[in-house]
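Structure first, commentary second.
Values below: all heavy atoms of this structure, side chains included; hydrogens, waters and symmetry mates excluded.
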Amino acid sequence: MKGMVLILGLALIGRAAEAQVADSTARADTSVVPIAVADSVPKDTVKAPLAQAPLPTYQSAAGTWRWEREDIFRSGATTLAELLDVIPGYVTYSASAVAPAVGNYLGSFGRVRVFMDGLEIDPIDSRMGGMLDLSFIQLWLLETVVVERTAGELRVHLRTWTDRRTSAATRIDVATGDLKTNSFRGYYAKRFKHGEALQVGAQQWSMDDQRNIDGDVVTVFGRAGWASGNWKFDAMLSRTRRSSSGQPRSDEDDTRPVLTPQQLRETQSYARFGYGDPDVGTWLQVMAGRFELDETSPKRPGGAADGLPRDSVDTTAVRTQFVLSGGSRRGGLHGDGALRLRRVEGEQYLSPSVRLGYDRGWLSTTFHAEQAADDSLRRIDGAVTIRPFDFVALGVAASRSSPTESDDLRPASLALRAEAGLRLGRTWLTGGVMRLDTTRTLAPTVFDTGYVDFAGGSRTGIFAGIHGKFWRDVGLDITATRWADEDEAYMPQYVVQSRLYLDTWWLSRFPTHNFRILAAIQHEYRTESAFPIAGAALQTDQYRWWGSLLELRLYDAAIWWQFRNLQNGPFIRIPGFEVPPATNFYGIRWSFIN
């Protein structure tokens, strides 16, 4: 099976190359094409873009965290949680590729928020204990990912994939690997004569790891819309079903609860009407969205001999969200605001927010204020970066969150950050310090209902990074974070993410940009972190994780190979659960325009 996929991939790349050469020859010698036939071929035209959500443009001294569609696939990340791992102060906790994944920022699980096409994705899965499951957000649906890295939280803004060409765009992705890992994915998009749009896509991903958790994930996606000039309308539906087995503890003497089996189906949908484009000029949008989660996981009866609590299963959770937003962009100055109305279990919550900023030349600033009625928090944050020279950047940021009602369990919190960047050639050296005056976090009970919430004092960390190419097409990306105190709950003292890569178009041989090579070695290092339970604390492992990624692109086809956990070392990111062993995963992505 694996050999067949590789052969198929090479054959498809060769077929794409032949088609491209034939197409180039035909264009060079027009005499071989009869005039009547040439006139009958419809011309490929570009239509007005569909409505899209605004994206923050603030540039911090430590870099801009933004991934376009191809960057997402070339990163090697399989989940949104893995994509975010390069951000200072952020850590992902997950037991497997098909297990829940939660993001921790500044030592707290409640400081990562995700917005898709302008709708905030709320944590509606009761097993997650008020946290987002970042593994459920499908990367293959996305066109752009931008992280608004404030001093106090991460706001992750996602734009789903759209298309503007009247020629049908099709793409097929096929992959296979160890542990019976298989993935199949297909896309289709087309714009029509009067601005109508149609997009469909589907993915099936499965894994069978006898030592760890296994399961499969199936997602279907569809969008229909229309855009002409400044007026736009679209409706989107995305449905993901995940079926996963339970995962036993790696230590046979450990009698604590296992990670239980799951049968989940999540549906996201919205209808959106808009005027203008948030990237240029004045714009206005009205949206109505719906989030629904159906859980039919196997029941675990209460009062059983093992003493484990009953699971909440056979449940359906629904949230609706209405958003009125608008703004304007003129030169480097931009501003936008939103009124967000949520309906949760018969209650209504209205949350207004505003963002102002300026980004041009030597100055980049941003200010954001929000009053979130659903969690009774008022958030204010701002940041300023100055670039007195093209090789120097200095920045400061501050965030404050406070309850709108008296709440002893959630006091006001202040977060600060200062950072600097220095460019040497094409490489940026960055570093800084971040501080949170009060640390409070929910417990990740999705992994173990015995974990307890944590409340502590201030937390201070320093971070440093190296980003960019330092010799020809060879580059290095490193992000390292160190927290001042050891044994802090839910946060390792040291975290290092590294990537040494070769990324070249080989223009001396292929001057038309028809060939590209990416070869990378990836490394992650973490020290232990404590997961507190009543009267004690469980520990994760200190570990080093190695991986590799190779991708060859020829015209519109890319064949890739990823090797994870090269050293095949069993280690624990979450107490009691080992990560998957050494795993090969490889396949092909092939796009073509009809």
Can the ring centroids of Phe109 and Tyr490 be said to lie less than 6.0 angstrom from one another?
yes
Mind checking whether Pro581 and Asp178 have side chains closer than 4.5 Å, heavy atoms only?
no
Would the Trp560 and Phe585 ring centres measure less than 6.0 Å apart?
yes
Do Leu442 and Met131 have side chains that approach each other closer than 4.5 Å (heavy atoms only, starting at C-beta)?
yes
Are the side chains of Arg111 and Ser399 in contact, using a 4.5 Å heavy-atom criterion?
no
Answer whether the closest heavy-atom distance between the side chains of Gln268 and Thr160 falls below 4.5 Å.
no
Taking 4.0 angstrom as the limit, do Arg185 and Asp173 come out as a salt bridge?
yes
Can you tell whether the side chains of Arg241 and Asp216 come within less than 4.0 Å, N to carboxylate O?
yes
Flag side-chain contact, heavy atom, 4.5 Å: Arg459 against Leu106
no
Arg573/Glu524 ion pair, N-O < 4.0 Å
yes
The test is side-chain contact (heavy atoms from CB on, under 4.5 Å); show your working for Gln497 and Thr481 and say whether it passes.
CA-CA 9 Å; Gln497 294 281 345; Thr481 305; over 6 Å; no
Test side-chain contact (heavy atoms from CB on, under 4.5 Å), reference Asp437, set Leu416, Leu414, Thr460, output is Leu414
Test side-chain contact (heavy atoms from CB on, under 4.5 Å) applied to Val579 and Phe571, step by step:
CA-CA 6 Å; Val579 302; Phe571 54 84; 3.5 Å; yes
Pick one: which of Glu528, Gln567, Arg526 meets side chain to side chain donor-acceptor pair (under 3.5 Å) with Tyr543?
Arg526
Measure the shortest side-chain to side-chain distance between Thr583 and Asn565 over non-hydrogen atoms and say whether it is less than 4.5 angstrom.
no
Before accepting this row, confirm whether a basic side-chain N of the pair Glu120/Arg319 lies closer than 4.0 Å to the acidic partner's carboxylate O.
no
Using a 4.5 Å cut-off on heavy atoms from C-beta on, say whether the side chain of Asp503 contacts that of Lys469.
yes
Using 30° and 60° as the class boundaries, would you call the ring planes of Phe115 and His157 parallel, tilted or perpendicular?
parallel
